[in-house]
Amino acid sequence: MNLITAMIIIAAALSIILATVAFWLPQMNPDTEKLSPYECGFDPLGSARLPFSLRFFLVAILFLLFDLEIALLLPLPWGDQLHNPTGTLFWATAVLILLTLGLIYEWIQGGLEWAE
């Protein structure tokens with residue numbers, strides 16, 4: 001028996017054993033708390049017309065906006081291996097300056113203050 005066949009048999013046997021254990025091992029004792037839906041901290045059985053803070057959504061959107069800089073700057077370590085890394089450094093610096101100016105603007109406008 002070659003190595004590939006042995007690995008496939010071991011993986012299949014391990015998968016079947018783990019699936020069987022996962023199916024038979026847990027105890028099923030659901031209560032009302034476990035069966036109720038969870039809606040981000042809001043009571044799902046109460047009124048759907050309760051107002052929530054717009055400030056929460058503003059802070060969440062600002063977090064997502066400024067978190068995108070990580071995705072934009074991830075290729076930066078590979079950019080220095082190009083023939084002309086100054087272009088990559090220029091655009092990365094431009095992105096960081098733009099995000100820093102946006103952060104300063106939001107700070108001055110009071111968009112980062114949680115309580116008024």
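Scope of the values below: all heavy atoms of this structure, side chains included, with no hydrogens, waters or symmetry mates. Note that the structure is a prediction, hence the values are computed from the model and not measured.
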Within this structure, what is the [atom1]-[atom2] distance for the pair [X] and [Y], rounded to the nearest 0.5 Å?
X     : Y     : atom1 : atom2 : answer
Leu62 : Asp67 : CG    : CG    : 12.0 Å
Leu89 : Leu82 : CG    : CG    : 11.5 Å
Leu14 : Ile9  : CG    : CD1   : 13.5 Å

Please check if the number of heavy atoms outside Leu18 that lie under 6.0 Å from its CG is greater than 12. yes

Thr100 pairs by side-chain contact (heavy atoms from CB on, under 4.5 Å) with which of Leu103, Ile104, Leu98, Ile97? Ile104

Apply side-chain contact (heavy atoms from CB on, under 4.5 Å) to Val95 and Trp91, showing your working. CA-CA 6 Å; Val95 167; Trp91 287 112; 5.6 Å; no

Leu99 and Trp107: same hydrophobic cluster, using ILVMFWY side-chain contacts below 4.5 Å? yes

